[in-house]
Number of protein chains: 2
Amino acid sequence: MPNEGITLYLGAFIDELVRSGLGHIVVSPGSRSTPIAILAAEHPQLKVWMQIDERSAAYFALGLAKSSRQAVALLCTSGTAAANYFPAIAEANLSRVPLLVLTADRPHELRDVGAPQTIDQLGLYGSHVKWFMEMPLPEANPSMQRHARVIASRAMMTSQTAPSGVVHLNFPLREPLLPDLEHPELFHSVRQTDKAYAEVHRASAAVDQAMVVQLASELRGVQRGLIICGPQDDPAFAPVVVQLAELLGYPIAADPLSQLRSGSHNKELVVDSYDSFLRLDAVSSELVPEVFIRFGAMPVSKPLLLYMNKHPQARHIVVDEAGWRDPTLLVSDRVLADSTAFCGQLIAKLLHDNTKTAGASARSQWLSRWLELQETTASVMNQAAAQPYADELFEGAVVAELQQLMQEGSTLFVGNSMPIRDVDSFWRNDERNIRIMANRGANGIDGLVSTALGFSALGHGTVLLLGDLSFYHDMNGLLGAKLHQLDITIVVVNNDGGGIFSFLPQASQPKHFELLFGTPIGLDYEHAAKLYQGEFARVASWEQFRAAFQHAQQQGGLHIIEIPTNREANLAHHRGIWPVLGQQLKQAKE
Amino acid sequence: MPNEGITLYLGAFIDELVRSGLGHIVVSPGSRSTPIAILAAEHPQLKVWMQIDERSAAYFALGLAKSSRQAVALLCTSGTAAANYFPAIAEANLSRVPLLVLTADRPHELRDVGAPQTIDQLGLYGSHVKWFMEMPLPEANPSMQRHARVIASRAMMTSQTAPSGVVHLNFPLREPLLPDLEHPELFHSVRQTDKAYAEVHRASAAVDQAMVVQLASELRGVQRGLIICGPQDDPAFAPVVVQLAELLGYPIAADPLSQLRSGSHNKELVVDSYDSFLRLDAVSSELVPEVFIRFGAMPVSKPLLLYMNKHPQARHIVVDEAGWRDPTLLVSDRVLADSTAFCGQLIAKLLHDNTKTAGASARSQWLSRWLELQETTASVMNQAAAQPYADELFEGAVVAELQQLMQEGSTLFVGNSMPIRDVDSFWRNDERNIRIMANRGANGIDGLVSTALGFSALGHGTVLLLGDLSFYHDMNGLLGAKLHQLDITIVVVNNDGGGIFSFLPQASQPKHFELLFGTPIGLDYEHAAKLYQGEFARVASWEQFRAAFQHAQQQGGLHIIEIPTNREANLAHHRGIWPVLGQQLKQAKE
């Protein structure tokens with residue numbers, strides 16, 4: 001007994017999502033969501049990705065959206081299914097990734113009365129979505145079909161307008177739930193064209209020219225500037241910010257997720273080692289800046305944050321199209337503009353004036369000092385990664401090894417806690433084009449396997465580097481690799497527990513430490529690989545690691561490579577670097 | 001550098017939770033939550049359960065709370081960690097299980113500014129908790145210590161007052177985070193006694209005697225009454241409701257989760273087979289009730305719901321201490337009272353009057369008919385479970401087998417979708433005391449492994465019966481069994497996918513069915529057992545099942561027994577029962 005309201009109202013909704021650019025929907029099985037699931041599967045231009053565990057499903061969608069840089073939809077049934085989306089939704093909304101969350105719900109008469117699989121879904125995700133709408137019960141009439149199309153169009157627009165984020169639409173559905181796939185008007189737009197019902201025409205961000213003129217004039221007189229590039233993923237950004245740095249004569253502190261450390265752009269001014277040398281008190285005191293110009297989200301590096309805090313007198317400019325991302329409380333100028341467009345306008349003005357800036361008049365002492373620190377530090381870090389740890393598996397060296405092994409055009413997805421910090425310390429500037437991604441909205445250790453798999457699903461050669469607790473947390477995500485035959489190489493740094501806590505003050509209080517923070521769980525992940533029909537290798541040397549990695553890359557499919565490490569030795573090795581670096585920098589200066 | 005505010009404020013809070021009755025806290029590792037975790041571990045009367053995955057942690061706490069019938073606390077760090085609690089919180093609040101959720105948060109100056117591991121945690125769980133409080137930054141002075149104690153006391157009271165539910169307290173914490181475990185005033189109550197700072201004295205629920213008198217008088221004249229007992233877990237309820245039924249001469253439709261089908265109370269009037277015979281249209285039409293008296297949450301049985309809907313003219317009394325659980329929209333009388341206390345008062349009045357009721361004057365035709373249907377149906381269902389499926393593994397027969405095998409005093413934890421329905425159909429009245437539990441607040445398929453493990457952690461012999469998708473969904477929960485060396489036998493009915501969908505209308509539309517609903521995932525769960533160092537058995541006959549089950553019970557530890565079944569055959573076997581039942585009931589009547 002097909003339901004015409006469901007067929008035409010929900011059909012129009014799904015069709016308009018597709019006409020507005022939606023290409024992927026991640027669906028979890030359920031009963032109440034039946035009509036939306038069937039219509040999504042029926043639509044010829046929409047790819048359905050089935051995921052059983054909704055928590056993984058949502059992170060998988062996040063990965064698809066990051067990979068494609070476009071909105072991705074999610075669909076689940078009513079009840080706790082929808083609550084499982086919550087962690088990924090919080091992450092997506094903070095990291096400005098567009099997701100459309102479609103939840104099926106009981107109709108009004110079955111709410112808050114003990115009916116099965118029913119929880120209060122109105123505003124379910126609270127402040128963690130950009131927009132929430134409770135949809136009406138589906139009706140077939142043309143007026144309501146127009147409503148469905150307008151909401152679909154608006155949801156796509158809202159999720160993808162700066163700051164991009166999450167839209168949640170809740171659908172009350174009453175039985176019978178089956179749509180009529182033979183209905184002659186299914187997916188027929190009321191406008192009878194192939195175009196969207198409502199095309200969204202975006203204006204490009206134009207910065208106020210008077211502000212650009214003034215800023216260019218002011219910066220022209222400032223020699224000691226630092227450009228800070230945090231996590232961002234616009235491929236057009238690197239070349240322009242580099243050109244801006246050259247014109248201003250400022251070094252660039254480039255976060256590993258800024259996409260500045262890899263690629264063919266000029267990297268002469270790109271500093272990849274500040275996280276190491278700014279740890280040294282003498283260095284961070286010596287480098288007195290006059291201006292910071294920041295792009296992107298907050299950088300990973302804590303020494304960089306402390307450096308900014310140490311110099312509150314500096315003019316502190318943040319360029320951010322929308323939102324307010326700054327825990328330093330030091331920002332003096334806030335430019336509400338697209339970073340790439342803003343750099344372009346500032347460059348145009350500086351070039352137009354054709355007078356040398358203070359910074360670039362010659363290579364200033366300031367710039368020279370930064371580049372000298374960079375050179376020495378990069379060399380020390382390379383040595384630290386190479387030896388004296390050649391005979392054992394130092395976690396920092398994993399990053400250096402990966403940088404050697406990874407291929408042009410591939411993506412490194414990095415876990416939080418230790419891995420992203422090690423990438424910050426040990427991933428050097430690289431001419432090849434390698435995208436480095438992470439979940440840095442809320443920096444959770446959860447959902448990483450699923451996010452990386454979603455990322456890999458669109459054909460990028462994806463390598464995931466993460467710790468053992470993080471891997472365990474999202475092991476369910478591995479099912480996606482099996483179901484959808486995805487290619488991924490997962491490198492698990494296994495120090496059997498929470499390695500990062502050894503770096504924190506609680507490590508000095510041994511009572512309760514292993515119970516609460518060390519948390520060894522002692523799992524043999526070979527069984528996890530077998531469960532999901534992946535290949536597993538536990539390596540005991542860098543030769544074995546290289547062989548396993550290359551085998552994985554050649555063969556495709558799911559590969560899990562475990563690198564067993566030791567928390568105490570790792571702490572000692574990391575801590576051993578800073579005195580050496582201090583010594584080297586002192587010698588270099590003398 | 002210990003922090004005195006943290007030591008004394010949070011110390012007072014933890015201490016007062018314990019003085020108010022808290023015995024268990026489930027902790028996940030994290031940095032921001034460090035002081036609360038350390039103080040919880042330090043408190044001599046509080047048991048810390050470490051769980052890495054917060055989603056599992058929260059369900060584990062739910063299981064502990066169900067098992068102990070007392071509030072249990074949860075603790076996690078800031079960020080998405082807290083969002084992972086959401087599914088279990090929704091379930092706990094709907095099923096009226098007391099949980100105290102303690103989330104660590106960044107202090108105000110680090111909120112909504114892109115600081116790491118920071119999401120908006122104010123009112124994080126929306127309408128899904130009973131009470132939310134944002135705590136102040138810890139301060140050591142006596143006035144704030146009193147505040148900590150009062151909030152702890154109030155949180156324990158609120159979570160355990162009808163309807164029990166979830167309390168969420170959010171703790172902004174500023175570095176340094178280490179408490180001073182040597183502080184001489186740690187855990188010292190300002191009152192200098194061993195008692196709680198504020199004892200909560202509960203009044204017992206007293207029903208309005210005038211109402212009892214009137215109801216007793218009205219029911220005395222009503223012959224065709226049905227007592228319906230939904231899910232409930234008060235061990236004092238069964239004997240009194242049975243006595244009430246005897247006095248009124250009414251049959252009891254006893255949900256499998258009502259705790260009425262098992263135990264030493266008189267089961268003469270306890271009908272365990274209504275879910276089967278009420279499917280028959282002739283039967284549900286023939287049995288015209290005058291009054292329904294309902295206790296507990298909504299029963300599992302859909303035929304029972306349809307039966308109530310079919311007889312809207314009946315007086316419809318719901319006894320429920322708090323809340324509003326009724327999707328029938330047919331309730332005519334709502335008694336806001338504790339079920340056990342109410343039964344007791346009604347019994348006292350009926351006994352005091354000492355005149356026979358209409359129902360019990362002799363065994364009425366109505367009661368005789370119900371008991372006749374019960375007897376015939378129970379016999380048909382027993383046959384259905386025994387044959388002609390003796391040579392294959394019919395899902396319904398799993399329940400009958402389990403009922404034979406389970407031991408006095410043990411607990412059967414049942415998954416949603418098919419397992420709970422099969423338990424409803426095939427679990428017969430039993431003299432032994434076997435607790436049957438499920439997560440029926442939101443009826444999700446998620447979190448069941450963790451809930452059952454939390455349940456088993458307090459020493460009940462726990463058996464978990466669930467489907468393969470449900471098992472997969474919460475496989476991470478198995479780590480709890482390994483870390484805490486718990487005893488559990490998990491029976492996985494593996495029909496490789498979502499078996500319940502074969503019973504729904506979408507099964508008639510084969511297009512997209514396997515993709516969206518069948519969802520075979522093809523995992524070999526032996527690897528999951530090995531990962532968590534449990535024992536695994538895949539059985540091919542009932543003999544093997546019995547042997548594996550008994551081995552598991554004798555040996556203890558984690559045991560996973562897989563019963564491979566077939567979705568199509570299972571559907572056919574279930575559907576084959578109803579014509580046979582109809583035939584038998586017809587013959588019995590003739």
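Convention: sequence-line order gives letters A, B, ...; per-chain numbering from 1. FYI, side chains are in, hydrogens and waters are out, and symmetry mates aren't considered; it's all heavy atoms of this structure.
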Out of curiosity, A:L516 CG to B:E42 CD, how far, rounded to the nearest 0.5 Å?
10.5 Å
Out of curiosity, A:T118 OG1 to B:N443 CG, how far, rounded to the nearest 0.5 Å?
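Spacing of OG1 (A:T118) from CG (B:N443) equals 8.0 Å.
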Side chains of A:Q506 and B:T34, donor plus acceptor under 3.5 Å:
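A pair is found: one side chain offers a donor N or O, the other an acceptor, under 3.5 Å apart.
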First locate atom CG of A:D326, then atom CG of B:D112, and finally report the distance between them rounded to the nearest 0.5 Å.
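Output value for this atom pair is 11.5 Å.
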Residue B:L515 versus chain A: region with a heavy atom under 4.5 Å
both
Highest number of heavy-atom pairs under 4.5 Å with chain B: which of A:M50, A:H527, A:M475?
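Result: the option with the highest number of such pairs is A:H527.
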Give, as side chain, backbone, both or neither, the part of A:A297 having an atom under 4.5 angstrom from any heavy atom of chain B.
neither
Check each atom of B:H473 against the heavy atoms of chain A and say whether the ones under 4.5 Å are side chain, backbone, both or neither.
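Interface part for B:H473: both.
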Any chance you could measure A:S31, atom OG, to B:F503, atom CZ, to the nearest 0.5 Å?
13.5 Å
Going by an N to O cut-off under 4.0 Å, is there a salt bridge joining A:K530 and B:E526?
no
Short side-chain donor-acceptor distance under 3.5 Å, B:D446 and A:N84
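Looking only at side-chain atoms, B:D446 and A:N84 do form a donor-acceptor pair, the distance falling under 3.5 Å.
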Is any side-chain N of the basic residue among B:D474 and A:R55 closer than 4.0 Å to the acidic one's carboxylate O?
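Looking at A:R55 together with B:D474, the answer is no, because their closest N to O distance does not fall below 4.0 Å.
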What class does the angle between the rings of B:F86 and A:F86 fall in, given that below 30° is parallel, 30 to 60° is tilted and above 60° is perpendicular?
tilted
Report the option among B:I38, B:L504, B:V27 that has the most heavy-atom pairs separated by less than 4.5 Å from atoms of chain A.
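Winner by heavy-atom pair count: B:I38.
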Under a 3.5 Å distance rule, please check whether A:H128 uses its side chain to pair with a backbone N or O of B:D120 as donor and acceptor.
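Yes, the answer is positive, given that a donor and an acceptor are paired below the 3.5 Å cut-off.
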Against chain A, label B:S508 side chain, backbone, both or neither, depending on which of its atoms sit under 4.5 Å from a heavy atom there.
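For B:S508, the contact with chain A is made by the side chain alone.
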Interatomic distance, B:S417 atom OG to A:Q117 atom CD [nearest 0.5 angstrom]:
6.5 Å
What's the spacing between A:T519 OG1 and B:L479 CG if we round to 0.5 Å?
9.5 Å
Check whether B:Y472 reaches the backbone of A:N476 with its side chain - one donor and one acceptor, N or O, closer than 3.5 Å.
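Looks like yes, one N/O pair under 3.5 Å.
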Mind ranking A:V48, A:L469, A:L124, A:N416 by heavy-atom pairs under 4.5 Å with chain B and telling me who comes out on top?
A:L124
